[in-house]
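One structure is given below, encoded as C-alpha cells.
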Amino acid sequence: MRSRTHYAGDPSAPARFSFPQPGLGDFDNLLTTLASAGERLARTPLSEIVEALSAAARTFAGEGTARRQAALDLLEAVTGRARAMCADSLDFLLWKLTSEQLLETARAATLDPATLEGFSPRTGSRRRRAVGPRLTLHVLAGNTPWAGVESVVAASLARSASLVKLSSREPVLTGLFAQAAAESDETLSDALAVLHWTGGERSLEEAALAAADCVVAFGDNSTVSALGERLAWQVAAGRTRFVSRGHRVSVALVGAEALRSESTSRATAQALAFDFALEDQEGCLSPHGAYLEARATAAEIEAFAAHLAQALEERERAWPRRIPAEAAAAAHQARGAAELAGARVLAPEGSTRWTVVVDPRPLFEPSPQARYAWLKPVDALDAAIEALAPARGLLSTIGIAGFGTRAAEIVERLAALAPGRICPLGRMQRPAAGWNHDGISDLAALLSWVEAEDL
Amino acid sequence: MEAGTGEPLDDAEFDRLARSVFAAQFDGCPPFRSFCQRRGRTPETVAHWTEVPAVPTAAFKDVELRSDDAPVERVFETSGTTLARPGRHELSARALDLYRASMVPTLRRYLLPELETTDPPGRSALIPVALAPSSEDAPRSSLSFMIDGACATLCSAPVRHLLGPGGLDVEELCGILVEAERQGLPLLLLGTSLAFLAACEALAARDTEFYLPEGSRVMETGGSKGREREIAPGEIRARIGRVFGVPDSHVVNEYGMTEACSQFYDGTLRESWLLSEAGTACAFEVGADRAPRAKHGPSWARAVVCDPETLEPVEPGKTGVLRLVDLANRFTISFLQTEDLAECPSRGARGPGSAPFVLRGRARGAEARGCSLAAEEWARATGKAS
C-alpha cells in the first residue's frame, strides 16, 4: 500500500508522519472488516474491553518508557504546548482510563452498566438495554488531543468498531492509543482503524460516511455543520447517528467570599490561573474570563487581579507558552481595545505570555485564547447571568468559587443557562470520567435504547 | 500638507510632520492621550515618530477615536466581519476632504500612471466598472467611497456598479465585457477579491472567458477571507487574469482598511508601464509569477513591521505585525497597530517603514487550534452577525 507524508507542528521544525494511503478498493475492504469486527466486539464481555483499555493506558504511564516518551515528544512538537503541561494532562487522561474510572464512565452513561450487555428491569413490565453502533467514524479536529482518545474509548465501551480520521493539526495521540489497545486485545485490534486523509479525498470520505452507522464530528461549527448536512438524509432515515462536537465557550464566576481575605484571594487566583493557562486557553473547557461578584470592594478586586497576574506568571514558569504570531497579535488588539474603552490592563512588558484585564463592561466577549483573562466585576450575579444569556446552549463549563453556603443556590440559578457542567475553579479542564460533555456524555451519545414492553 | 506622491518625504521631513500630527492628536483625542501618557510617551518625550504608541485597530469598535472638534459627517464601518460591533471611522467634512485628496494621487500612481505624463494630470478614458456597491447603496463602506471618489476625479466616464442588494449582476457584467471587446474599449475594473471570485465562478459556469482590450486593468482588494476554503492571493489574480484576459501585471491588489484613509498597492502595473515607456520588451511579464507582491503606499504613510510580542520594529526579512502611520488620518488617529502579518524584504530608502511590504496571511486551510469558540463564531452563534 502506498504511504503519504504529513507534517504537523511549527512550520520551521515540523514533526513528520507517514500514513498509509489506501486505494478505494482497500478502503472498502477495511470498512467491511471493521463492520464484522464490530459484530464480534458486540458479543465481547464489557469486562474484557475495560481490561484491554486500561492495559493500553498503562503502557503510557511509566516514566521513561518508549511509548510515553514518544507521546510527549510528539505532543510537544505538534501542539506547541509545554511538555510539563502535556504530561500533566496525559496523566489525568490515563487516570480516567483505569478500570474503576472506565466502569464509572459506563455507570454515568447508563445508570446500570449491565444494560450495556443485556436487558435489565426498568419500571413495571418494561425492560431496557443499550445497543452501540456497529461502526463509529470519529472525525477529529485540532482539539485538545484527549478528546479523540475519549471518543474512541467511549465507542469501545459501547462495543462499537471505530474508524478514526485523524486531525491534520494533531495526528498523534489517538493513533498511539489505538496501537496500544490493539496490542492488548485481539478482538479490539481488529475493530480499530486509524487513518489520515485530507478533506479533498471525497471518495474515501463518502465510503466511510455510508458505512458508519455513527459519526462523531469534532471541529469548528462550519466544519461540523457541513458534515451534518452531508449526513442529513441518513440521519433522518435512522441509518446514521450524528454526534456533533462543535466549538463551545466556558466561563468562571467568582463570589465575593473568595476575595475577602488575602489567603482565599490568592488561592482562588491560583485555581483560576490553572484553568486559564491549561491548554493555552484553547480548549472548550478553558474559561474566556471570569465574572466577579462585586460585593467585593474595589481594593479587593484590584488585589485579586494582582494575585491572578502573579499566578499566571508562575504558570508561565511551569508551562512556558509558545504561540503563533497571529495569537500574539490578537492579544495586543484585545488589550489595546479594552484599555481604550476604560479597562485596566495588567500585562508583562513586551510580551503576550499572559494578560489580566479588569473590565467594567459586563458584555461577554470571547478572549483571544492566549492566556488572556478578563475579569468583569458585576453588582449582582444577575448581571452576569444576563450577560451569559446569549450563550445559553453554547456553554460547556462554568467554574465557580467563593460562594460559600450560597453555592447550591448559585448552581440552581446557573442551571437555567443549560451549561453542560458546573464545577469548582481549578478543575474546569479536569472533567470526571464519563463527564457530561456539552449536554451528553461521549458514551451516552452513542447508545440506542431498546425497550421490551410486557415481554 | 499633502506634498503629492511625486515627492517622497525623507525620514526627517516625515518625522517633523508625524510628530506635529502626534501633538495635535495627543491634544485632540482624550482616549489617545491617556493611552500615550500611560506609556510615558508625550509630544515632549517622543524623540522620533517610531516612538509614538500605535492604537490597535480593534479599538475602533469600542471607542470614538477622533482628533477633531468639527462634527462627524460620515461614519465608515468595517464590513464582512462577524464581530458583534463593527469598527467605526468617524470623519468630519474636512477629514473627508483630506481623505479624497489623499486617495486620488496614490490610485493614479499605481493604477493609472499614464495620467502623470501630463501636467496637470488628465482623466482616463478607461471605463470604470465597480464590482462593489455604490456609495449611495453602501454609505458606510469606505471602499465604495474610495472607488466612487477616485473614479469621479480620474475617469471621464461615470462608474457602473454591478453589486447591488441582490448580489452580483452577472448579466450586466457579461454585457459590459462583450461590448468592451467588441468596441475595443479598455476597462478599469475595481472591487473586492470576493466579488471577483464570484464573477469568475459565474463566468466559468457559463464556460466563458474574455480578452479585454489592451490597457484594461483590475484593482481587487480584501483577499478570500470568509470563504470556506481560503485562496492564495497569487491564485486569485491568476484566475482573474485568465477569466478577464488581463495581464498579470495589470491585476493590482490593494491593501487598505476602514480605519485608515491611505491605501497600498501592488507596484506591478506601474513597473510594467515604466518599462514599456522606456521601450523595454518584457513589460508584460512583470508580476507573471505567483510570488507574493510587495505593497507600495503614499509618501505620507509608513508601514512598519513589528515583533508580534514586543511590538518593536524588526529587521528586514522577518515576519511580524504591521503598524501603519498614516498622516492622512490627521483628524482621527494616525498611529495604527494592525493584526496583519507582513514582512519587508528590504530596508527602505527613506527610513523605517518606507519600504514596500509583503503581506503574510494565515496558513491556508489551517484548522482551528483548539475547540473553544472564537470571536467570529461567537457572533454568528449568538445571532449577532450580519
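Lettering of chains follows the sequences in order, A, B, ..., and the numbering in each one begins at 1. Here the structure is a predicted model, which means the values were calculated and not measured.
Side-chain contact between B:Arg85 and A:Leu363 is present, with heavy atoms from C-beta onward closer than 4.5 Å. For the pair B:Asp62/A:Leu340, no side-chain contact is recorded, criterion being any heavy-atom separation below 4.5 Å from C-beta on.
Proximity to chain A (any heavy atom under 4.5 Å) is shown, for B:Thr319, by neither the backbone nor the side chain. Only the side chain of A:Leu394 has a heavy atom closer than 4.5 Å to any heavy atom of chain B. Using a 4.5 Å cut-off between heavy atoms, A:Ala331 does not touch chain B at all. Residue contact with chain B, scored on non-hydrogen atoms closer than 4.5 Å, involves the side chain of A:Arg361 exclusively. Only the backbone of B:Phe32 comes within less than 4.5 Å of a heavy atom of chain A; no side-chain atom from C-beta onward does.
Under a cut-off of 6.0 angstrom, the local environment of CZ in B:Arg140 is sparse, with at most 12 non-hydrogen atoms contributed by other residues, nucleotides or ligands. The environment of CD in A:Glu313 is crowded: more than 12 heavy-atom neighbours from other residues, nucleotides or ligands sit within 6.0 Å.
Ion pairing between A:Glu365 and B:Lys61 holds under the 4.0 Å rule for side-chain N and carboxylate O. Contact check on B:Arg360 versus A:Glu326 returns no salt bridge, with no Lys/Arg side-chain nitrogen under 4.0 Å from an Asp/Glu carboxylate oxygen. A salt bridge links B:Arg39 with A:Glu339: the closest approach of a Lys/Arg side-chain nitrogen to an acidic carboxylate oxygen falls below 4.0 angstrom. Taking a cutoff of 4.0 Å between a charged side-chain nitrogen and a carboxylate oxygen, A:Arg322 and B:Glu309 do not qualify as a salt bridge.
The shortest heavy-atom contact between B:Val63 and A:Ala341 is CG2-CA, 3.5 Å. Scanning both residues, B:Val321 and A:Ala329, for their nearest heavy atoms gives CG1-CB, 3.3 Å. Listed here is the closest heavy atom pair of B:Ala59 and A:Gly336: CB-O, 4.4 Å.
Considering only heavy-atom pairs separated by less than 4.5 Å from chain B, the leading option among A:Leu285, A:Val249, A:Thr79 is A:Val249. Of the listed residues B:Cys306, B:Pro56, B:Pro31, the one with more heavy-atom pairs under 4.5 angstrom with chain A than any other is B:Pro56. Among the candidates A:Gly246, A:Cys284, A:Ala325, the residue making the largest number of heavy-atom pairs closer than 4.5 Å to chain B is A:Cys284.
No donor-acceptor pair closer than 3.5 Å links the side chain of A:His332 to the backbone N or O of B:Leu311.
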